[in-house]
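Below: the structure, in C-alpha cells.
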Amino acid sequence: MTVEPTTESTNFIREAIEEDLQTGRFTYVQTRFPPEPNGYLHIGHAKALCIDFGMAEAFGGVCNLRYDDTNPVKEDVEFVDAIQEDIQWLGFKWGEQGPLYASDYFEQVYQMALQLIVKGKAYVDDLSADQIREYRGTLTEPGRESPFRNRSIEENLDLFRRMRAGEFEEGSRVLRAKIDMASSNINMRDPTMYRILKTPHHRTGSEWPIYPMYDFAHGQSDSVEGVTHSLCDLAYEDHRPLYEWFLEELGLFKTRQIEFARLNMTYTILSKRFLKQLVDGAYVSGWDDPRMPTLCGMRRRGYPAKAVRRFIDTIGVAKKENLIEIELLEHLVRDELNLSAKRVLGVLDPVKVIITNYPEGQVEEMEAINNPEDPSAGNRKVPFSREIFIDAEDFREEPPPKYFRLAPGREVRLRYGYIIRCIDFVKDPVSGNITEIHCTYDPETKGGYAPDGRKVQGTIHWVSAHHALDAEIRIYDHLFTEPNPNKVEEGKSFLDHLNPEALKVLHGCKVEPSLAFTQPGETFQFERKGFFCADLDSTAGHLVFNQTVSLRDGWAKIEQKK
RNA sequence: UGGGGCAUGGUGCAAUGGCAGCACACCAGACUUUGGAUCUGUGGAUCUUGGUUCGAAUCCAGGUGCCCCAGCCA
C-alpha cells in the first residue's frame, strides 16, 4: 500500500512553534541544521534534517545549513562537501546565503568574550585540565572556585588578548565564564569558553590560536542569524540554561531551543565516533559501504531518498528514548521500489537445466512485463533456448510438503517461458551438489500459459545459458547481530556484535542480457529475489549489483516454522 | 543520597476530561504466471497506588522504573 508522507501530522515541536507565533514571541520561523564536519551524515541526522527543514518549511521560514566547526582537531573539508551532497540528495534546500559556518563568527564571538570579561563575567584560568576537573566537584558535591577566579578585569583582558596573540602554550590557560561553582547544573560551574589550540582550521587557516567551545559559539551563532527555533538533541537540555545565560549577559536576540529524542534503530549503531571506528579499522570499505547507516551508504545500497524521508515522517517526534525497528525502514524501501523498479530475471546460484525435447540451436524471444505495478513501463523480450540456468534453491531432489518448485517428475512454470517437467538430474557424487537437471517442455504452454487449464503451482525465474551475462552480486544483511549493539556487557565492545555475514559476495551469477549497459545507481527487481542496484564498481565488462533489500519471502517463513 | 528528562499493544507515534486509534511486526485467510504486490480478518497497550470528576491515558499527590549530565568534544 502506498501512503503519502504524513507531513501534516502534528507533534510537540510544531505545537510549541504555533504557540510562539500566536503569543507573538516570534513573528517568523527560522531554524538551522548544525552539523560538525567531522564525519558523514547518517540516518539519525536525517531525522534532524527532516525536523529542522520540515518545521521551517511548514511555517514558511528558512532553514540554514551551518557547520559547527569550532574544533579544527577533528574537522575536515572532506566532510563539509559530503554533508552538502547528502542534504541535497534528501531534497532539502538551505538558506540563500549558502552554507554558513560558526567559524564565520570567530571575530564576533571573540568580541563577545571580551565583553563578558569587561562585565566581570569571564576570567582567564591557569588551572590545568586535571585541576579544573577536580575543582568542578561531583554530581552530588558542589565545586570549588579557582584561585584565578578573581583576577582583575585588566589582567583578564591582557591575558586573553595574549592568548589570542598566540603567546601561550596549548593547555596552559582557558577562558571561563564566571557563573556559579555550586550550581546543581554542572554546565553552570564556570564552563570553559575558549581553549588554546594551535591546529590550523580548514577555513580560517592559522589565523586563530584559540577556539571557542561549542557552548560558547552555538547559541550566539543561532542568535546572530536570527534563528527563532533551535531544535536539537535531548543531550543539550542541560545546556539550555547556559545558552540563555550567555544571550542574556550579551544582550542578544533570544532563540528558543527545543529538544527531541534522537533516533536509534535496531541492528544499527548511530554514533559518529563508532562509525568512524568502523571505517578507520577497515571493518567496512568506507563511509559509503552499503552496510553503513550513513546516507551515502544507503544511497549506494539503493535506498530511495523518498523512502528515507517517509521513514522519518512515519516514526514521529517525541522526547521518549526510542529504538525503531529497522524492518520499518526496509518496508518503506520495498514500498517505494515496488512501484518504480524494473523487473528483470537474474539467477544468483545457477544450476544448468537442459530441455531435452527443445530443438538445439533454436532461440525464441519471450515477451516479459517490465513492471506489473506500472503498465506504462512496457514490455521487453527475453531470449529462451534449450539450455537455461535456474536458481539451485528452486530444485529439490526430495521436495518437502508445500514446496511448489521443481523436483523429479514435477512440473513448474518458467516465468514468461514454458511449463517444464523434470525427468532426470545429475548429482556430483563427492559434493552431493546437483550439477545438471534434465527437463522436457510442453510446446503448448508458450509464455507460461496452460491452454488445458491445468494448475501449476510454482513459477520460477531463469535465464538462457547462452545469452546470460555474468554478474557479481553482493548480498547484505544487518551490520550487527544484536538488536541493540549499544548494549554491551562488561569488557566487550560494539565490535563484538559485528555480523560476519553482513556481506556475501556472489560470483558467477547469471542475469538477462538486457542488463548489459546498466549504469551505476540503476535499480531493479530481480523477480522473486529482491531489489538490486548497480554498484559504483559496476562496468559493462563486469556487472556488480548490490542487493538493496530482499523481497518478503513467504516460503522462508513456512520453512522456518518447522 | 545533586540536577535535568521520559513512561500508551512486540516497536514507534496519536488520542489535549467523553467509545484508546494508525503504521510496522505478528497470526489466519483470499487472490496470484514473482511463495512479490494487493485484499480481508484476528489477537494484543495506558508503569503503580490513591485522589478530583457523571466520566481520567489526559488533572492532582505519592511511589516505581528507565535515560542524560562531572571534555580544554559537539
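Chain identifiers are assigned alphabetically (A, B, ...) following the order of the sequence lines, protein sequences preceding nucleic acid strands; residue numbering begins at 1 within each chain.
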Check this one for me: any side-chain N or O of [X] less than 4.0 Å away from OP1 or OP2 of [N]?
{"X": "A/Lys529", "N": "B/G36", "result": "no"}
{"X": "A/Arg195", "N": "B/A74", "result": "yes"}
{"X": "A/Arg133", "N": "B/G71", "result": "yes"}
{"X": "A/Thr70", "N": "B/A74", "result": "yes"}
{"X": "A/Lys319", "N": "B/C67", "result": "no"}
{"X": "A/Arg405", "N": "B/G35", "result": "no"}
{"X": "A/His331", "N": "B/C24", "result": "yes"}
{"X": "A/Arg66", "N": "B/A74", "result": "no"}

Ignoring hydrogens and angles, answer whether the base of [N] and the side-chain atoms of [X] contain a donor-acceptor pair closer than 3.5 Å.
{"X": "A/Glu559", "N": "B/G35", "answer": "no"}
{"X": "A/Glu325", "N": "B/G10", "answer": "yes"}
{"X": "A/Asn185", "N": "B/G4", "answer": "no"}
{"X": "A/Glu327", "N": "B/U11", "answer": "no"}

Using distance alone, with no hydrogens and no angle criterion, decide if [X] and [Y] have a side-chain donor and acceptor under 3.5 Å apart.
{"X": "A/Ser223", "Y": "A/Gln220", "value": "no"}
{"X": "A/Arg343", "Y": "A/His461", "value": "no"}
{"X": "A/Asn38", "Y": "A/Glu75", "value": "no"}
{"X": "A/Glu327", "Y": "A/Tyr267", "value": "no"}

Starting at [atom1] of [X] and ending at [atom2] of [N], how long is that distance when rounded to a whole Å?
{"X": "A/Glu134", "N": "B/C72", "atom1": "CD", "atom2": "P", "answer": "13 Å"}
{"X": "A/His201", "N": "B/A74", "atom1": "NE2", "atom2": "P", "answer": "10 Å"}
{"X": "A/Asp190", "N": "B/C72", "atom1": "CG", "atom2": "P", "answer": "12 Å"}
{"X": "A/Ile13", "N": "B/C13", "atom1": "CD1", "atom2": "C1'", "answer": "14 Å"}
{"X": "A/Asp180", "N": "B/G3", "atom1": "CG", "atom2": "P", "answer": "14 Å"}

When both hydrogen-bonding distances must be under 3.5 Å and the geometry is Watson-Crick or G-U wobble, what is [N] paired with, if anything?
{"N": "B/C6", "answer": "B/G65"}
{"N": "B/A23", "answer": "B/U11"}
{"N": "B/G43", "answer": "none"}

With heavy atoms under 4.0 Å as the rule, sort [X] into base, sugar-phosphate or nothing.
{"X": "A/Glu259", "answer": "nothing"}
{"X": "A/Val317", "answer": "sugar-phosphate"}
{"X": "A/Leu323", "answer": "sugar-phosphate"}
{"X": "A/Thr138", "answer": "base"}
{"X": "A/Arg136", "answer": "sugar-phosphate"}
{"X": "A/Tyr403", "answer": "base"}
{"X": "A/Asn71", "answer": "sugar-phosphate"}
{"X": "A/Ile312", "answer": "nothing"}
{"X": "A/Ala129", "answer": "base"}
{"X": "A/Glu373", "answer": "base"}
{"X": "A/Tyr211", "answer": "nothing"}
{"X": "A/Arg552", "answer": "sugar-phosphate"}
{"X": "A/Pro241", "answer": "nothing"}
{"X": "A/His239", "answer": "base"}

When you match A/Asn11 and A/Asp125 each to their closest nucleotide on RNA chain B, which lands nearer the 5' end?
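Checking each residue's closest nucleotide, the 5'-ward one belongs to A/Asn11.
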
Between A/Glu321 and A/Tyr449, name the one whose nearest nucleotide on RNA chain B is closer to the 5' end.
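Looking at RNA chain B, the more 5' nearest nucleotide goes with A/Tyr449.
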
Qualifying residue, where the test is ring-ring contact (aromatic ring centres under 6.0 Å, His included) with A/Phe160 and the options are A/Tyr194, A/Phe168, A/Tyr123:
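Looking at A/Tyr194, A/Phe168, A/Tyr123, the match for A/Phe160 under the ring-ring contact (aromatic ring centres under 6.0 Å, His included) is A/Tyr194.
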
Work out how far the [atom1] atom of [N] is from that of [M], and round it to whole angstrom.
{"N": "B/A14", "M": "B/A57", "atom1": "C1'", "answer": "11 Å"}
{"N": "B/G9", "M": "B/A15", "atom1": "C1'", "answer": "15 Å"}
{"N": "B/G51", "M": "B/G12", "atom1": "P", "answer": "32 Å"}
{"N": "B/G4", "M": "B/C47", "atom1": "P", "answer": "23 Å"}
{"N": "B/G55", "M": "B/A20", "atom1": "P", "answer": "16 Å"}
{"N": "B/G3", "M": "B/G63", "atom1": "P", "answer": "13 Å"}
{"N": "B/U58", "M": "B/C69", "atom1": "C1'", "answer": "30 Å"}
{"N": "B/U42", "M": "B/A23", "atom1": "P", "answer": "13 Å"}

Nearest to the side chain of [X] - [options]?
{"X": "A/Lys487", "options": "B/C67, B/C13, B/G2", "result": "B/C67"}
{"X": "A/Thr459", "options": "B/G35, B/G2, B/A37", "result": "B/G35"}
{"X": "A/Asn338", "options": "B/G3, B/A15, B/A37", "result": "B/A37"}
{"X": "A/Thr314", "options": "B/A23, B/C72, B/C69", "result": "B/A23"}
{"X": "A/Leu139", "options": "B/C69, B/C24, B/G5", "result": "B/C69"}
{"X": "A/Ser184", "options": "B/A7, B/G3, B/A74", "result": "B/G3"}
{"X": "A/Ile324", "options": "B/G12, B/A15, B/C27", "result": "B/G12"}

Suppose we call two aromatic rings close when their centres sit under 6.0 Å apart. Are A/Phe384 and A/Tyr418 close by that rule?
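Yes, they do, as the ring centres are separated by less than 6.0 Å.
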
Reference residue A/Ile388; test side chain to side chain contact (heavy atoms under 4.5 Å, CB included); the match among A/Ile355, A/Val463, A/Val347, A/Leu345
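Result for side chain to side chain contact (heavy atoms under 4.5 Å, CB included) with A/Ile388: A/Ile355.
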
Kindly label the base of B/G21 as syn or anti, based on whether its glycosidic torsion lies within 90° of 0.
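Base orientation: anti.
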
Under 4.0 Å between a Lys/Arg side-chain N and an Asp/Glu carboxylate O for A/Arg203 and A/Asp104?
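Answer for the salt bridge query: yes.
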
Which atom of A/Leu329 lies closest to which atom of A/Ala307, heavy atoms considered
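Nearest heavy atoms, A/Leu329 then A/Ala307: CD2-O, 4.4 Å.
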
A/Lys47 side chain near A/Phe311 side chain, heavy-atom distance below 4.5 Å
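Side-chain contact under 4.5 Å: no.
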
